[in-house]
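Okay, so here's the structure we're looking at.
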Amino acid sequence: MTVDAHAVDAAHRRVAPHLESTPLLVSGPLSDRSGATIAIQSEHLQRTGSFKFRGALNRVLTLDDDRRAAGIVTASSGNHGIATATAAQIAGTTCTVFLPDGASAAKVAVIERCGATIETISSVDSGAAELAARRAAERSGATYVSPYNDPEVVAGQGTIAIDLADNVAHSGLASVDVVVASVGGGGLISGIATWLAERFPDITIVGASPLNDRAMAASIEAGTVVAPESQPTFSDGTAGSIEPDTITFDLCRDLVDTWIDVTETEIAHAVTDMIEHHHQVVEGAAGVAIAAARRIARRQPGSTIVAVSCGANVTASTLRRMIETTESEETP
């Protein structure tokens, strides 16, 4: 399968009946502070609490009856596991989720409530969980649903761009100059960029990563998939290595115009700003995109920037640490 705008359109028709309508929030406080218009595509309000539901559901709904009967297997640090388990419920099939050691307890609990079987591996690296899940799927005959390395998953994530374009058309915004999304395995930004490149080629696509864990950005710089040394990050949803053969590497290399790394302090301030100004809780991975949008706004006053807020699945302890960080550091 080729990932193109037509594939994204087909995915949208497939998954739309199951999606929540996520609004575009034009942020007055962030815009006034920066001198640019900053809008937030609120995918943190999506069903399952993150964008991951779109890609997982699209992949599961493409399976024929025999493949569904054999069950599905996936790997995830949390959000994709929740999304895939929910998609499995909708499709009436079984689901096993491989998790790295130390995955968010809150996310693990949600996966269990969705009826999935959980397998935890003795590694904190999500890439190791992906390898274990692939091997298990091969042994059992189940279908492996990748968090990002699958054209149907990428196409499903790209449906955000269709909803974003519709939201912009009804928002009063004349146009959009920049769309920024956080990057882990690259499925989110690959899907969005694929559709926008064909439908709105003048929009600049920006990939945002936490400085502490930037596997895709480092790989693009190196010209091949690499596994750079990483540090703990508030953006657990983007953390971990990427598969050497991932289709998202070429898509990110060819379609993402600019890369930005943000600090943990910037992530924390972005998350707490959403609470203080808009009374909405988002996770660290969403804070990555919002922080990058603020950075771009300072460089490009007068522009219109959309940040994709990718999820809201954050634990109380992580949120507390982000608040403590903002109390001890100046606003970036």
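Just so we're clear, the structure is a prediction, and the values are computed from it rather than from any experiment.
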Start with the C-alpha distance between F53 and I90, add both sets of side-chain angles, then the distance that settles side chain to side chain contact (heavy atoms under 4.5 Å, CB included), and finish with yes or no.
-> CA-CA 11 Å; F53 180 59; I90 291 171; 3.7 Å; yes
How far does OG1 of T272 sit from CE of M322, to the nearest 0.5 angstrom?
-> 8.5 Å
Do side-chain atoms of S209 reach the backbone of R214 as a donor and acceptor pair under 3.5 angstrom?
-> no
Can you see which heavy atom on L57 is nearest to which on A87, and at what distance?
-> CA-CB, 3.8 Å
Carefully, step by step, assess E119 and V73 under the rule side chain to side chain contact (heavy atoms under 4.5 Å, CB included).
-> CA-CA 10 Å; E119 297 284 352; V73 176; over 6 Å; no
Does the D101 side chain pair with the main chain of S122, one donor and one acceptor, at a distance under 3.5 Å?
-> no
Show your reasoning for whether salt bridge (Lys or Arg N to Asp or Glu O under 4.0 Å) applies to R253 and D250.
-> CA-CA 5 Å; R253 179 196 61 205; D250 288 348; 3.1 Å; yes
Is F234 reachable from I275 through a run of I, L, V, M, F, W or Y residues, each pair having side-chain heavy atoms under 4.5 Å apart?
-> yes
Can you find a heavy atom in the side chain of E264 that is under 4.5 Å from one in the side chain of T325?
-> no
Does N167 reach the main-chain N or O of L25 with its side chain, forming a donor-acceptor pair under 3.5 Å?
-> no
Over all heavy atoms of both residues, which pair between A85 and A116 is shortest? Give the atoms and the distance, please.
-> CB-CB, 3.9 Å
Does CZ in R199 sit with more than 12 non-hydrogen atoms of other residues, nucleotides or ligands closer than 6.0 Å?
-> yes
Within-4.5 Å side-chain heavy-atom neighbours: F249 and I220 = yes
Joint cluster assignment, M216 & V206, ILVMFWY side-chain distance < 4.5 Å | no
Mind checking the CD-NE2 spacing from E276 to H269? Nearest 0.5 Å is all I need.
-> 9.5 Å
So among V178, T37, L24, which one has a side chain to side chain contact (heavy atoms under 4.5 Å, CB included) with V306?
-> L24
Side-chain heavy atoms under 4.5 angstrom apart, residues restricted to Ile, Leu, Val, Met, Phe, Trp, Tyr: same cluster for V179 and L255?
-> no
Is there a side-chain contact between L99 and I111, using heavy atoms and a 4.5 Å cut-off?
-> yes
Full working for side chain to side chain donor-acceptor pair (under 3.5 Å) between E130 and S146 | CA-CA 8 Å; E130 290 167 21; S146 171; 5.6 Å; no
All heavy atoms of S42 vs all of Q280, minimum pair found to be OG-OE1, 4.5 Å
Nearest heavy atoms of A129 and I121, plus distance in Å = N-CD1, 3.2 Å
Find out if a path of hydrophobic residues (ILVMFWY) with successive side-chain heavy-atom gaps under 4.5 Å connects L196 to L188.
-> yes
How about C252 and S190: do any of their side-chain heavy atoms sit closer than 4.5 Å?
-> yes
Correct closest heavy-atom pair for A293 and V180 would be CB-CG1, 3.9 Å
Same cluster for F200 and V256 if Ile/Leu/Val/Met/Phe/Trp/Tyr side chains link at under 4.5 Å?
-> yes
Go through the steps for I305 and D177 under the test side chain to side chain contact (heavy atoms under 4.5 Å, CB included), then give the verdict.
-> CA-CA 6 Å; I305 305 153; D177 300 300; 5.8 Å; no
Ignoring hydrogens and angles, tell me if any N or O in the side chain of Y148 forms a donor-acceptor pair with the backbone of E243 under 3.5 Å.
-> yes
Backbone N or O of D4 within a donor-acceptor pair of the T2 side chain at under 3.5 Å?
-> no
Please report the closest heavy-atom contact between A292 and V262, naming both atoms and the distance.
-> N-CG1, 3.9 Å
Would you indicate whether the side-chain heavy atoms of R294 and D273 approach each other to under 4.5 Å?
-> yes
Quick one: do L164 and V168 satisfy side chain to side chain contact (heavy atoms under 4.5 Å, CB included)? Show the steps, please.
-> CA-CA 6 Å; L164 169 59; V168 169; 3.9 Å; yes
Validation row: Q157, K52 side chains within 4.5 angstrom (heavy atoms) | yes
Do H80 and T74 have side-chain atoms, one donor and one acceptor, less than 3.5 Å apart?
-> yes
Side chain of S219, backbone of V226: donor and acceptor closer than 3.5 Å?
-> yes
Between N58 and E152, is there a donor-acceptor pair closer than 3.5 Å when you use the side chain of the first and the backbone of the second?
-> yes
At what distance, to the nearest 0.5 angstrom, does CG of N79 lie from CD1 of I82?
-> 5.5 Å
Pairing of R68 and D65 as salt bridge, 4.0 angstrom limit | no
Within the distance-only criterion (no hydrogens, no angle test), does the side chain of E283 pair as donor or acceptor with the backbone N or O of N313 below 3.5 angstrom?
-> yes
Would you say the side chains of S235 and T233 form a donor-acceptor pair under 3.5 Å?
-> no
Atom pair CD1/CD1 of I40 and I290 - distance to nearest 0.5 Å = 4.5 Å
Side-chain H-bond candidate by donor/acceptor type, T265 with T263, under 3.5 Å | no
Non-hydrogen side-chain atoms of E266 and L211 separated by less than 4.5 Å | no
Drop me the distance from R59's CZ to T84's OG1, to the nearest 0.5 angstrom.
-> 11.0 Å
Hey, could you give me the CG/OG1 distance between D245 and T248, rounded to the nearest 0.5 Å?
-> 9.5 Å
I118 and E112, any side-chain heavy atoms less than 4.5 Å apart = yes
